[in-house]
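Here's the structure, in structure tokens; my notes come after.
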Number of protein chains: 2
Amino acid sequence: MYGHFSQNNREYVIEKPDTPTPWINYLSNSEYCAMISNTAGGYSFHIDPRDRRITRYRYNGLPVDRPGRYIYIRDDETGSYWSPTWQPTLTRLDSYECRHGLGYTRISSSYSGVEAEVTYFVPVDNNVEIWMLTLRNSSGRTRNLKLFTYSEFCLWQAARDQNDLQSVQFVGISRNEDGIVLYHLHDDSTGYAFFATSKDIAGYDCDRETFIGPYRSEANPIAVEIGACKGSVAIGGNPIAATAIPISLKQGESETVVYVLGVAPDRDQARELARKFKSSAIVNEEFLRLQDHWSSYLDKLVSVTPDLEFDEVVNIWNQYQCRTTFRWSRYVSFYETGIGRGMGFRDCSQDILGVLHALPTDVRQRIVDLARNQFKSGRVYHIYFPLSGEGGFPDYVKKDMQFFSDDHLWIILAVSEYIKETGDFGILDERVNFVDGPAVSLYRHLKKSIDFTLSNMGNHGLPLLGTADWNDPMSLPGPNNAAESVFTAMLFHKALRELAGLSHETRKNTDAQLFTSLADQTRIHLNDVAWDGSWYVRAFTDSGEPLGTSTSKEGRLFINAQSWSVISGVASKSRGVAAMDSVNELLATEYGIMLLGPAFWRYRSDIGALSSYAPGLKENASIWSHANAWAIIAESMLGRGDQAYDYYKKLAPPTKNKIAEIHRAEPYVYAQTIAGRDHPMFGMAKQSWLTGTAAWMLKAASSYILGIQPQYHGLSVDPCIPKAWGQFKVKRQFRNATYDIEVRNPDSVSSGVKAVSVDDTPSETGILPVFADGHTHKVIVTMG
Amino acid sequence: MYGHFSQNNREYVIEKPDTPTPWINYLSNSEYCAMISNTAGGYSFHIDPRDRRITRYRYNGLPVDRPGRYIYIRDDETGSYWSPTWQPTLTRLDSYECRHGLGYTRISSSYSGVEAEVTYFVPVDNNVEIWMLTLRNSSGRTRNLKLFTYSEFCLWQAARDQNDLQSVQFVGISRNEDGIVLYHLHDDSTGYAFFATSKDIAGYDCDRETFIGPYRSEANPIAVEIGACKGSVAIGGNPIAATAIPISLKQGESETVVYVLGVAPDRDQARELARKFKSSAIVNEEFLRLQDHWSSYLDKLVSVTPDLEFDEVVNIWNQYQCRTTFRWSRYVSFYETGIGRGMGFRDCSQDILGVLHALPTDVRQRIVDLARNQFKSGRVYHIYFPLSGEGGFPDYVKKDMQFFSDDHLWIILAVSEYIKETGDFGILDERVNFVDGPAVSLYRHLKKSIDFTLSNMGNHGLPLLGTADWNDPMSLPGPNNAAESVFTAMLFHKALRELAGLSHETRKNTDAQLFTSLADQTRIHLNDVAWDGSWYVRAFTDSGEPLGTSTSKEGRLFINAQSWSVISGVASKSRGVAAMDSVNELLATEYGIMLLGPAFWRYRSDIGALSSYAPGLKENASIWSHANAWAIIAESMLGRGDQAYDYYKKLAPPTKNKIAEIHRAEPYVYAQTIAGRDHPMFGMAKQSWLTGTAAWMLKAASSYILGIQPQYHGLSVDPCIPKAWGQFKVKRQFRNATYDIEVRNPDSVSSGVKAVSVDDTPSETGILPVFADGHTHKVIVTMG
């Protein structure tokens with residue numbers, strides 16, 4: 001173990017700096033984002049990590065995790081120096097602690113009798129990041145220290161910055177103006193970045209090579225070694241902001257220095273913002289605002305169950321992660337370089353599930369942004385870029401099948417969930433342009449999604465796979481472009497039912513009947529063609545062969561066709577149980593459920609890129625966390641609370657914290673993928689933070705395990721819990737009212753509700769009504 | 001100074017490891033290429049650095065120049081270790097020397113009484129690189145050492161390798177099979193790489209993180225520190241080849257170990273190739289073959305002048321660099337990341353000038369490859385990729401002006417030069433496809449180039465600029481797409497004349513008349529519209545304003561419109577002299593001639609990307625070496641030998657060697673750009689190695705200063721030298737005969753020839769005839 005959860009402070013506390021991988025935090029308002037590791041590594045960007053990258057990061061570098069927001073403390077008497085965040089000097093500190101909190105990271109350490117605490121955060125409303133450093137001298141003698149800092153600017157366009165050196169190394173300018181380092185391009189095209197300090201600087205460098213020195217690195221800059229900056233300017237080359245500030249501390253004395261790094265559209269605004277944050281009072285005020293912001297955010301959904309770890313995840317870390325996935329989709333992390341991928345259409349449609357209850361206005365905007373990426377045919381772009389809104393497809397898209405079979409369907413689920421949460425049926429009338437056509441109502445966009453699938457059916461009467469479905473690299477290539485997706489067919493069934501529901505609610509009865517009847521056909525047909533005996537097949541390949549059958553040695557069983565048979569309502573109860581039992585038997589492991597099994601041991605041209613991954617990794621039979629959430633939901637829907645909870649716990653961060661040496665990635669958030677049974681590093685996680693797991697795990701916990709589910713006209717409560725739970729409570733904000741829900745389980749059941757009372761009055765329907773009165777309402781649910 | 005030229009060995013000898021930038025060498029046959037710095041940094045690729053990158057390099061990293069072909073020597077008694085190439089341990093060595101030779105690099109050093117010499121080379125015919133290490137113990141006692149090596153594989157596709165970590169980190173496999181490390185992708189799509197040793201290994205690691213250890217780097221791998229590898233396999237992650245071999249040496253003993261890294265299409269061929277190079281005898285034999293190869297290459301053009309430094313450049317380094325630019329255009333260096341740029345159409349067309357006399361067959365193929373990138377309209381792709389031949393345009397190409405005004409014209413000059421060198425008129429009948437059309441003769445392709453320019457003329461009757469001309473970032477954007485290039489008009493004039501000459505030679509008299517008459521019109525018209533009074537303007541902007549006039553404060557004078565007015569034959573003698581005098585007055589500096597002056601001090605939207613470079617850098621008024629070569633040629637054509645030679649010497653590598661602290665880049669090859677007078681680092685070079693300067697400087701030296709110029713029916717000799725030269729000699733191979741030319745200058749003139757004798761017979765024409773008899777012919781030229 002490398003750390004522990006501090007529930008009171010809502011922090012994860014890292015006790016050793018040398019975590020198996022950098023363990024990071026996202027410090028971000030809606031525009032400025034700073035990723036920071038437990039040793040201060042990482043970088044910042046503004047709105048779009050591709051086009052407005054502020055500082056650099058050397059992905060997959062050696063040593064890992066450089067550069068970052070670096071501070072050096074130099075003892076001017078001995079010439080020795082260290083970093084209070086461990087990196088980049090890697091000095092063995094006398095003490096070390098990193099607290100990743102909500103929107104801030106605080107690293108404390110001591111060395112040679114000097115205690116240092118640096119708090120990094122991004123204020124709620126300004127495009128800056130604060131590094132607030134407090135030093136305390138407890139060495140028993142007066143210390144003459146010099147503080148150095150180092151930030152390395154990126155030349156804004158992150159891809160060019162690393163690939164087009166022959167050009168971009170001649171455009172950046174960084175220089176000191178009145179004690180503020182200002183950085184911009186010669187053509188001023190991208191605005192200004194700046195770095196400023198609350199105390200006057202005694203020296204600075206703006207040119208990397210001057211500060212670092214030849215053949216040196218961030219670990220031993222020549223300026224720090226000799227104890228003085230050279231006042232360099234950067235005109236081309238690698239612009240940086242490095243500062244030097246002398247500090248003399250008597251025994252017991254302490255002093256705080258604030259550093260601020262930020263962006264502004266022009267020189268004047270940059271200077272003004274820099275000046276604002278030179279004030280410690282303002283910095284402290286902004287830090288309090290940030291804490292209030294998160295308290296208020298998390299107060300909207302609070303569970304109190306017999307399982308403290310469960311509450312820790314649901315009430316803090318899962319919600320926090322959901323906010324991050326909503327903001328950055330799969331675009332930028334310590335694994336995703338923030339260059340090519342943009343915001344995923346399918347990803348965003350699902351990520352909203354994790355923030356709907358807290359950020360309905362932002363979700364509404366996101367849904368509209370997504371709809372704008374739909375073509376008249378109903379097809380949608382796979383990705384879009386946040387700065388420009390411009391959509392696109394990844395390079396690997398099939399040139400003659402330029403769509404993913406599932407993308408466009410997810411927005412139907414997103415809209416129905418949004419309306420269930422908010423009651424805002426008005427969004428359906430929102431007029432949104434097509435990529436290639438004029439504005440129509442959002443409702444019409446949703447219908448176009450259905451049309452697109454209907455017009456792209458294959459030989460088995462199932463949706464054509466296109467480039468792929470939810471399993472991006474499962475491309476099932478071939479000469480006929482004839483592969484079909486069973487998973488997408490199930491999703492289609494679900495989307496049809498949701499759209500039927502929406503149509504019904506809005507009194508579009510013809511539509512409602514049509515979609516219901518299409519759903520019925522789809523369900524019956526699927527059960528005809530896709531049932532393999534003990535489970536559903538996953539797809540049909542280009543040559544028409546079923547994929548995922550009991551006769552296969554590799555890729556025998558795929559989880560998604562089973563979980564979604566239940567989630568979508570395609571499976572009968574008995575088939576659902578059989579399918580999920582097969583999953584349990586063949587795919588469940590101590591670290592989670594594998595996406596498929598067994599792995600493909602060789603590349604297969606009929607499977608495609610999926611089988612280009614080494615066995616047990618990624619889509620080739622790793623434990624895919626996102627799909628685990630669906631299995632949990634499916635088990636809950638089958639009423640098997642103990643099984644659902646077992647799956648949930650196997651994946652939950654506190655469990656991973658106990659096996660951090662194996663799991664390796666941050667144990668306070670979900671990771672996309674965990675090496676499966678077929679890999680020697682079985683249990684090792686990669687791609688932490690940005691995964692659909694976050695939203696779906698929150699959904700699984702809140703709406704399926706705890707059972708609190710928004711409906712068009714109220715909240716339903718239908719838990720599916722471990723039998724051992726005697727009771728639990730949930731506080732839930734819903735449409736401008738607070739529901740204090742107490743669930744009692746006197747009969748030790750997993751599911752089933754026998755009584756509901758609201759404000760001490762028994763409920764007939766069991767649906768908690770919409771109060772929208774700003775008050776708190778007391779709900780008692782009795783299971784049995 | 002950091003080193004010196006060793007003319008006898010044809011080596012540049014670096015005496016200190018910490019050169020201002022990594023000083024590199026290209027070790028390459030026609031397929032395998034290894035770039036290596038003076039401290040063993042750099043990487044390797046096979047055919048295409050974008051798609052078949054074998055090992056990794058961290059561009060613009062800290063410390064610079066990692067990783068590389070690393071060897072660690074560990075003293076097993078003390079546990080201390082060092083690298084005999086300085087990097088990556090950066091241990092202060094007792095002695096150090098790096099010799100960059102022709103196709104090999106040898107680094108020698110000693111530390112603690114152990115002498116090490118490692119020779120890196122790529123054999124002429126095999127896709128491998130050899131690291132041949134010899135250790136000698138002169139410490140006075142027995143030493144128990146352990147040798148470690150480190151190579152870090154790239155996941156073949158270089159861009160994905162660094163940007164798409166979330167995917168490519170799951171596909172690479174590296175493992176030890178019978179003492180050979182084999183590396184491939186799980187899908188086997190890209191063949192195999194391997195690493196083998198002549199002595200049996202005692203240990204290995206294939207997984208980077210295992211060998212290096214957490215939070216460490218190449219400087220201090222945990223395996224080297226503890227003295228043992230762990231036998232790791234890489235299945236995903238970062239595959240490497242690391243080996244450990246124990247060596248015990250008594251005082252005075254020495255031992256040689258050969259390491260071989262290479263590629264092969266499959267596992268069996270990889271193993272076979274690995275076995276072949278385990279033999280020291282074969283390795284020594286291949287090293288001798290390599291030396292013979294280069295001796296024979298350089299023997300085709302040898303000058304002996306009063307200026308030893310001049311000869312050193314012409315006979316060795318300039319020719320060596322030309323071979324590199326011919327091979328890799330502007331695609332891959334320590335500045336060009338080998339990802340996006342591909343092979344330039346314009347670049348390749350010029351680079352052939354530097355190798356024509358030595359590689360006529362390769363040049364023929366290159367010309368055909370280029371022609372294949374032409375459209376029926378005559379327009380050409382700006383770049384193409386060597387593995388696939390696939391052409392394209394860079395991202396910055398104007399969407400509605402998808403051409404460069406000059407690209408397609410250069411191939412005419414290439415073909416005429418090729419035929420003058422070889423007499424191979426048959427190439428004109430070679431049938432080559434258009435990108436969008438069927439095969440036609442190469443001659444017809446050349447005519448299409450003329451057609452394209454004729455169909456794309458602007459308001460001043462000059463060629464439209466399109467995206468840009470030779471000055472890529474001089475895009476002169478605007479709403480009308482109306483910018484015109486004076487430079488291209490001059491190039492057009494030159495191309496018309498060359499094509500007229502070719503038509504005449506092949507008895508296409510109508511064509512010859514047409515092209516001659518078009519040339520005449522172009523010349524007269526240019527002198528009408530583009531003469532500014534003391535020089536030619538450079539272009540007309542989108543709004544029709546002249547660029548580069550005496551009334552401008554910025555961008556007053558551009559060198560190319562002056563040098564090319566002479567080279568193209570557009571200028572009268574008096575205008576040519578006036579134009580070049582203006583260049584001398586306004587643009588010449590002690591470090592070379594600036595591309596333009598003064599620099600643009602602010603970005604100007606009517607100028608475009610050129611003015612986005614900081615003043616004095618790149619196309620914004622740096623000293624652009626390529627353009628210097630043209631100025632030298634122009635001065636030679638004007639008969640001003642001392643001026644031409646002065647320009648030549650200012651740029652020549654030996655001059656830069658004496659100011660290496662200022663020049664910074666390698667002083668044995670030309671660099672693309674040198675910071676101009678407007679920049680604080682005035683004199684600092686960047687983008688060494690890959691520059692059109694190489695070919696044109698060789699052309700300037702051999703055909704204009706020395707004056708030996710191939711013609712359709714023989715060699716002409718018309719030197720333009722410093723008056724102080726009393727004589728010089730040139731050995732020149734030309735169409736299967738050797739010309740031993742002695743030039744005498746009894747009257748101390750710069751130019752003018754009064755007598756020529758061939759094999760002791762006076763020549764009437766002064767043209768040395770084509771002998772094609774395999775013999776040597778004695779030529780005496782008397783100037784005066």
Side-chain angles (χ1 to χ4, degrees), chain A residues 17-18 20 58-67 87 90 159 162-167 169-173 185-189 208 212 214-218 233 235-236 238 330 335-337 339-341 473 602-603 609 611-618 620 672 675 679-681 686-687, chain B residues 17-18 20 58-67 87 90 159 162-167 169-173 185-189 208 212 214-218 233 235-236 238 330 335-337 339-341 473 602-603 609 611-618 620 672 675 679-681 686-687:
Chain A
D18 56 337
R58 307 187 223 293
Y59 276 92
N60 200 22
L62 285 178
V64 296
D65 198 18
R66 288 194 185 165
Q87 287 261 33
L90 304 174
Q162 58 178 20
N163 295 336
D164 195 16
L165 300 175
Q166 67 86 24
S167 167
Q169 288 275 310
F170 300 89
V171 301
I173 293 176
L185 301 188
H186 180 58
D187 67 6
D188 273 3
S189 57
R208 184 179 86 180
I212 298 285
Y215 295 94
R216 289 166 175 265
S217 75
E218 303 95 332
V233 57
I235 299 180
N238 293 296
R330 310 296 168 266
Y335 305 87
E336 290 286 2
T337 55
I339 286 178
R341 241 172 115 109
R602 298 238 165 245
Y603 177 74
S611 61
S612 72
Y613 290 121
L617 296 182
K618 288 280 277 184
N620 192 3
Q672 179 202 64
H679 193 272
M681 306 284 275
K686 294 251 177 157
Q687 268 91 285
Chain B
D18 56 339
R58 306 187 224 295
Y59 276 92
N60 201 21
L62 283 178
V64 295
D65 198 19
R66 289 194 185 164
Q87 287 262 32
L90 303 175
Q162 59 177 19
N163 295 336
D164 195 17
L165 300 175
Q166 68 85 26
S167 167
Q169 289 273 310
F170 301 89
V171 301
I173 293 176
L185 301 188
H186 180 58
D187 67 6
D188 273 1
S189 57
R208 184 179 86 179
I212 298 285
Y215 296 94
R216 289 167 176 265
S217 75
E218 303 95 333
V233 58
I235 299 179
N238 293 295
R330 311 295 167 267
Y335 305 86
E336 290 285 2
T337 56
I339 287 179
R341 241 173 114 110
R602 298 239 166 244
Y603 177 74
S611 61
S612 72
Y613 290 122
L617 296 181
K618 288 280 277 183
N620 192 4
Q672 178 200 64
H679 192 272
M681 305 284 276
K686 294 253 178 156
Q687 267 91 284

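Note that the coordinates shown come from a computational prediction; the quantities given were computed from them, not determined experimentally. First the proteins, then the strands, lettered A, B, ... as listed; each starts at 1.
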Are A:Asn620 and B:His186 close enough, and set up right, to give a side-chain contact (heavy atoms from CB on, under 4.5 Å), and what steps lead you there?
-> CA-CA 11 Å; A:Asn620 192 3; B:His186 180 58; 4.3 Å; yes
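- Looking at A:Ser167, both its backbone and its side chain come within 4.5 Å of chain B, counting heavy atoms on both sides.
- Ranking A:Tyr335, A:Phe170, A:Tyr603 against chain B, the residue ahead of the rest is A:Phe170, based on heavy-atom pairs under 4.5 Å.
- To the nearest 0.5 Å, atom OH of residue B:Tyr613 and atom CG of residue A:Asp187 are 11.0 Å apart.
- Of the atoms belonging to B:Ser612, heavy atoms from both backbone and side chain fall under 4.5 Å from chain A.
- For the 3.5 Å distance criterion, the side chains of A:Lys618 and A:Gln672 qualify, holding a donor opposite an acceptor.
- Both the backbone and the side chain of B:Ile235 have a heavy atom closer than 4.5 Å to some heavy atom of chain A.
- Residues that satisfy the salt bridge (Lys or Arg N to Asp or Glu O under 4.0 Å) test with B:Arg216, not counting sequence neighbours, are B:Glu225.
- In this structure, the portion of A:Gln687 lying under 4.5 Å from any heavy atom of chain B is its side chain and not its backbone.
- Residue B:Gln162 touches chain A through both its backbone and its side chain, counting heavy-atom pairs closer than 4.5 Å.
- Only the side chain of B:Glu336 comes within less than 4.5 Å of a heavy atom in chain A; its backbone stays farther off.
- Residues that satisfy the side chain to side chain contact (heavy atoms under 4.5 Å, CB included) test with A:Asn60, not counting sequence neighbours, are B:Arg56, B:Leu165, B:Gln169, B:Arg208, B:Asn238.
- Within the 4.5 angstrom heavy-atom criterion, only side-chain atoms of B:Arg341, from C-beta onward, approach chain A.
- Rounding to the nearest 0.5 Å gives a distance of 10.0 Å between CG of B:Asn163 and OH of A:Tyr59.
- At a 4.5 Å heavy-atom cutoff, B:Pro473 makes no contact with chain A through either its backbone or its side chain.
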